[in-house]
Amino acid sequence: QPPHKRSMPPKEPPQPSQAQMQSAMNDMQHVAMAIQPSPSDPNAEVPLEKIILACASAPGMLASIPEEHPSKTDAVEEAFEKAGVKLDWINTEGISKKNAILLYWKLHRQQGDYKKIDDDLDTPTQQHASACLQITMKLMMQAQMLLPHQGWVAATVGIARASALFANQLWSHEDKEALDIMEEVLKGEGLRAPKLRLEAKCSSKKVAQSAKVTLKVTLHRDHHGFNGKKPPQPADPSGNYEAYWMYV
């Protein structure tokens with residue numbers, strides 16, 4: 001009989017250093033300054049391209065990817081040009097421009113004939129694009145926590161929409177080809193495409209400034225069941241199949 005092994009308590013995750021916290025603050029300040037609303041039109045939609053430029057030139061991105069990185073964006077730019085996709089919104093140079101092009105490519109690489117070009121990209125370029133995406137996803141998570149506290153509704157929604165596109169590497173929330181790809185991904189994971197309805201009710205129609213109110217928010221999940229005989233293994237360790245952000 002082997003001796004009984006005593007279970008050890010789980011280790012606490014390491015706390016971020018002062019330098020890491022300062023780096024995150026610098027990144028969030030940069031992103032916030034880039035997408036802050038205009039006083040003349042505070043509810044104007046924040047374009048995805050503007051968010052890409054903010055991430056591509058963030059201090060943490062520039063510190064992680066050196067100016068002399070051997071990646072090449074010629075094939076990507078040529079593919080966009082042949083498809084009639086304009087990149088004139090990229091108003092930066094050097095490594096920031098490369099970052100922006102490759103982030104945009106990461107969103108479009110599953111579209112149409114781009115897949116073959118993506119498979120043929122050299123290793124340094126693929127690594128560069130993946131690094132850009134990884135850093136951007138970190139920035140998106142941080143921004144989703146910060147921006148609601150600023151009261152910037154359009155910027156908060158813009159970041160949330162962009163984050164979903166980066167997470168799934170898709171270019172649109174509405175394009176049928178993008179939706180079909182997403183549905184195939186869900187089907188492969190044993191899940192069904194979500195069908196949601198949102199209701200919100202306030203306790204009072206007239207509210208004085210700074211007064212507290214009760215808000216009841218109901219998210220209706222109209223889709224149910226799985227694609228298959230058995231429920232799939234959830235990717236989330238907590239056992240959840242779906243997760244949603246709510247901004248009030």
Side-chain angles (χ1 to χ4, degrees), residues 27 31 34-35 45-58 60-62 64-144 157-191 193-194 235:
D27 282 337
V31 172
I35 66 172
E45 182 179 341
V46 179
L48 174 62
E49 291 82 358
K50 196 171 188 177
I51 295 173
I52 290 176
L53 287 175
C55 294
S57 56
M61 183 80 79
L62 299 182
S64 300
I65 302 174
E67 188 73 36
E68 63 276 8
H69 196 285
S71 56
K72 300 175 182 178
T73 60
D74 298 358
V76 171
E77 292 182 70
E78 184 179 344
F80 279 138
E81 185 178 356
K82 285 183 178 179
V85 177
K86 295 186 179 298
L87 299 177
D88 53 359
W89 52 271
I90 303 179
N91 55 0
T92 184
E93 295 296 332
I95 196 65
S96 296
K97 182 176 182 179
K98 273 188 173 183
N99 294 343
I101 292 172
L102 292 177
L103 272 176
Y104 201 57
W105 177 257
K106 271 294 188 180
L107 299 182
H108 286 266
R109 69 183 188 88
Q110 299 185 80
Q111 184 180 11
D113 297 331
Y114 291 151
K115 185 67 172 68
K116 175 66 169 61
I117 298 170
D118 189 68
D119 291 339
D120 292 340
L121 290 178
D122 61 90
T123 300
T125 303
Q126 290 182 351
Q127 291 175 340
H128 185 171
S130 296
C132 285
L133 181 65
Q134 183 178 5
I135 296 168
T136 296
M137 285 304 303
K138 181 180 178 181
L139 294 175
M140 291 292 98
M141 288 298 296
Q142 293 169 342
Q144 283 181 284
V157 173
I159 286 290
R161 288 174 62 84
S163 179
L165 294 179
F166 284 122
N168 295 291
Q169 296 183 47
L170 293 173
W171 63 95
S172 172
H173 289 281
E174 293 85 21
D175 187 280
K176 186 179 184 305
E177 185 183 355
L179 294 177
D180 288 345
I181 292 173
M182 189 70 251
E183 190 164 349
E184 283 301 311
V185 170
L186 291 171
K187 187 175 180 180
E189 295 177 354
L191 303 176

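Residues satisfying the side-chain hydrogen bond (donor to acceptor under 3.5 Å, both in side chains) test with Lys176, not counting sequence neighbours, are Asp180. Annotation: side-chain contact (heavy atoms from CB on, under 4.5 Å) contacts of Ala131 (sequence neighbours excluded): Ile65. For Lys138, the side-chain contact (heavy atoms from CB on, under 4.5 Å) criterion is met by Gln142, not counting sequence neighbours. Every salt bridge (charged side-chain N to carboxylate O under 4.0 Å, His left out) that Glu78 has, sequence neighbours left out, goes to Lys82. Partners of Lys50 according to the salt bridge (charged side-chain N to carboxylate O under 4.0 Å, His left out) rule, which considers only residues two or more places apart in sequence or in another chain, do not exist here. Partners of Ala34 under the side-chain contact (heavy atoms from CB on, under 4.5 Å) rule, at least two apart in sequence or in another chain, are Ala54. Residues satisfying the side-chain hydrogen bond (donor to acceptor under 3.5 Å, both in side chains) criterion with Gln169, sequence neighbours excluded, are Arg109. Under the rule for a salt bridge (charged side-chain N to carboxylate O under 4.0 Å, His left out), the partners of Asp120 that lie at least two apart in sequence or sit in another chain are Lys116. For Glu67, there are no side-chain hydrogen bond (donor to acceptor under 3.5 Å, both in side chains) partners, not counting sequence neighbours. Glu68 is linked by a salt bridge (charged side-chain N to carboxylate O under 4.0 Å, His left out) to nothing, counting only residues two or more places apart in sequence or in another chain. The side-chain contact (heavy atoms from CB on, under 4.5 Å) search around Ala164 returns His173, not counting sequence neighbours. The side-chain hydrogen bond (donor to acceptor under 3.5 Å, both in side chains) search around Glu77 returns Thr73, not counting sequence neighbours.
Taken from NZ in Lys97 to CG in Leu87, the straight-line distance is 8.5 Å, to the nearest 0.5 Å. One finds the CG atom of Asp113 at 9.5 Å from the CD atom of Gln111 (value rounded to the nearest 0.5 Å). Atom CD1 of Ile101 is separated from atom OG1 of Thr125 by 11.0 Å, given to the nearest 0.5 angstrom. A distance of 7.5 Å separates CG of Leu179 from CD of Glu174, quoted to the nearest 0.5 Å.
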Notebook entry, point to check: Could you go step by step and tell me if His128 and Asn99 meet the side chain to side chain contact (heavy atoms under 4.5 Å, CB included) rule?
Noted result: CA-CA 8 Å; His128 185 171; Asn99 294 343; 2.7 Å; yes

Checklist line | Check against side chain to side chain contact (heavy atoms under 4.5 Å, CB included), Thr136 and Met140 | finding: CA-CA 6 Å; Thr136 296; Met140 291 292 98; 4.2 Å; yes

Next item on the list: Determine, step by step, whether Ser57 and Thr92 satisfy the side chain to side chain contact (heavy atoms under 4.5 Å, CB included) criterion, reporting the C-alpha distance in whole Å, the side-chain angles of both residues, the deciding distance to 0.1 Å, and the verdict.
Entry: CA-CA 9 Å; Ser57 56; Thr92 184; 5.5 Å; no

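The two atoms that bring Asp119 and Gln126 nearest to each other are O-NE2, 3.7 Å, heavy atoms only. In this structure, Asp122 and Pro124 approach most closely via the heavy-atom pair OD1-CD, 2.9 Å. A pairwise comparison of heavy atoms in Asn168 and Gln110 identifies O-NE2, 3.6 Å as the closest pair. Residues Phe166 and Met137 approach most closely at CB-SD, 3.4 Å, considering heavy atoms. Annotation for Ile51 and Ala162: closest pair CD1-CB, 3.9 Å, computed over non-hydrogen atoms. Contact record, Leu165 with Leu107: O-CD2, 3.6 Å, taken as the closest heavy-atom pair.
Looking at Trp171 and Leu48, their side chains never come closer than 4.5 Å, going by heavy atoms from C-beta outward. Counting only heavy atoms from C-beta outward, the side chains of Ser71 and Gln127 never approach each other to under 4.5 Å. Counting heavy atoms from C-beta on, the side chains of Ser96 and Leu62 come closer than 4.5 Å. Between Ile117 and Phe80, every side-chain heavy-atom pair lies at or beyond the 4.5 Å cut-off.
Listed for the Ser163 side chain is no donor-acceptor partner under 3.5 Å among the backbone atoms of Ile159. A donor-acceptor pair under 3.5 Å links the side-chain atoms of Lys98 to the main chain of His69, judged by distance alone.
Crowding of Glu177 atom CD: a count of heavy atoms from other residues, nucleotides or ligands under 6.0 Å exceeding 12.
Between His108 and Tyr114, the two ring planes are perpendicular [angle over 60°; tilted spans 30° to 60°]. Using bins of under 30°, 30° to 60° and over 60° for the plane-to-plane angle, the ring pair Trp89/Tyr104 lands in the perpendicular bin.
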